[in-house]
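Following: one structure in structure tokens, then a few remarks.
Read the numbers this way: they start at 1 and go in the same order the structure lists the ligands and their atoms. No experiment lies behind these values; they were computed from the predicted model shown. Numbering of residues begins at 1 and proceeds along the displayed sequence.
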Amino acid sequence: MKEIYDINDRKILENCTLCPRECRVNRFDGGNGYCSMDAGLNISTICVHRGEEPVISGKEGICNIFFAGCNLHCIFCQNHEISQCDYRGGRRYSDLENVLDRIVRILSNGVHAIGFVSPSHVVPQVKAIIHGLNNRGFKPIAVYNTNSYDKFETIRSFDGLIDIYLPDYKYVSPYIASEFSDASDYPHVALKAIKEMYYQMGSTLSVAENGQAERGLLIRHLVLPGHAEESKKVLRTIAEELSPGVHLSLMSQYHPTVNVMKHPLLNRSLYKNEYDEVVTEMESLGFRNGWVQDMDSNVTYRPDFRKENPFE
Ligand code: SF4
């Protein structure tokens, strides 16, 4: 394999402490850590996606790079086909030059941004792709679309490299984070990572004349069925620990996958009154920047990662 990592990233992958799991496995020997991913690129799909928030997708869509595997195992994951190894998305790309060729083809058709989706376990790979594009003369808007189970040091190392942070903030209660994502420390770890993003970007989300965001922070929160109270706590934490001036995307698109059909709470879509309750809390806390979703959004986000473009 041609060397694509700098010496520090290579060292991290040889004794992996990249994310808070700190598995200390050698990823050049295979995918033996929690995320099950080796030191390769581990890309499942590269495609144009038009379904993100309007400022993120822009008019032409965003070139999303969907990675296989994940360092969280959320029981309700909407991308479980690629994140939880039942399909692993085929890992279609093993060579960096092929990946760059594919991205450049998409960018040459008028797409301005690239999105790294679920990248916390493949940070050296993300950096290799950005540097590879820069070396070819391309500097697209780089979007880090993360579950936020990232080390603070990882986010700090992105300063100047990532243009837009698009982090989830899923839960504030350790017992829920443990039951749903197998990570009781998620609330604390994610908040620390998001605070570093806020430190770098502040509350401003700079938007170009064409309506596409160019730089900043946009925090996502997916409201789960039966968990409106938890969502309200999440919003209060963001307001108190960061600012109600941050940009927020409050998502209603939850759809139960086959993995949670027997779960007593997660086996259904969200009720409108649950979502409305959270929207009311958002407004009363003074959040004024961001997006809410229509209740039919759970129908539009149902990717099929066996297809070359899972959204079409
Ligand atoms: S990136 Fe993967 S192997 Fe490395 S510490 Fe995290 S879960 Fe473990």
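Considering only non-hydrogen atoms, atom 1 (S) of ligand 1 lies nearest to Arg27 out of Met37, Arg27, Arg24.
Considering only non-hydrogen protein atoms, atom 8 (Fe) of ligand 1 sits nearest to Cys23 SG, 2.3 Å. Protein heavy atom nearest atom 4 (Fe) of ligand 1, with residue, atom name and distance: Cys16 SG, 2.3 Å. Annotation: atom 6 (Fe) of ligand 1 to nearest protein heavy atom, Cys19 SG, 2.3 Å.
Taking the ring centre of Tyr5 as origin, the terminal cationic atom of Arg10 falls outside the region bounded by 6.0 Å and 45° from the ring axis.
In this pair, His73 and Tyr34 present their aromatic rings parallel. The plane angle is below 30°, not in the 30 to 60° band. Ring pair Phe180/His263 is perpendicular by interplanar angle, where above 60° counts as perpendicular and below 30° as parallel.
Atom 2 (Fe) of ligand 1 has an N, O or S atom of Cys35 closer than 2.8 Å.
Of all the atoms in ligand 1, the ones that sit under 4.0 Å from a non-hydrogen atom of Glu22 are 5 (S). Residue His121 approaches ligand 1 through these ligand atoms, each under 4.0 Å from one of its heavy atoms: 1 (S).
Side-chain contact between Thr237 and Tyr169: present, with at least one pair of heavy atoms (C-beta onward) separated by less than 4.5 Å.
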When you look at Arg24 and Glu14, which way does the salt bridge (charged side-chain N to carboxylate O under 4.0 Å, His left out) test go after all the steps?
-> CA-CA 8 Å; Arg24 296 193 179 276; Glu14 282 173 351; over 6 Å; no

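Tyr186 places a side-chain N or O within donor-acceptor distance of the main-chain N or O of Asn147, the cut-off being under 3.5 Å.
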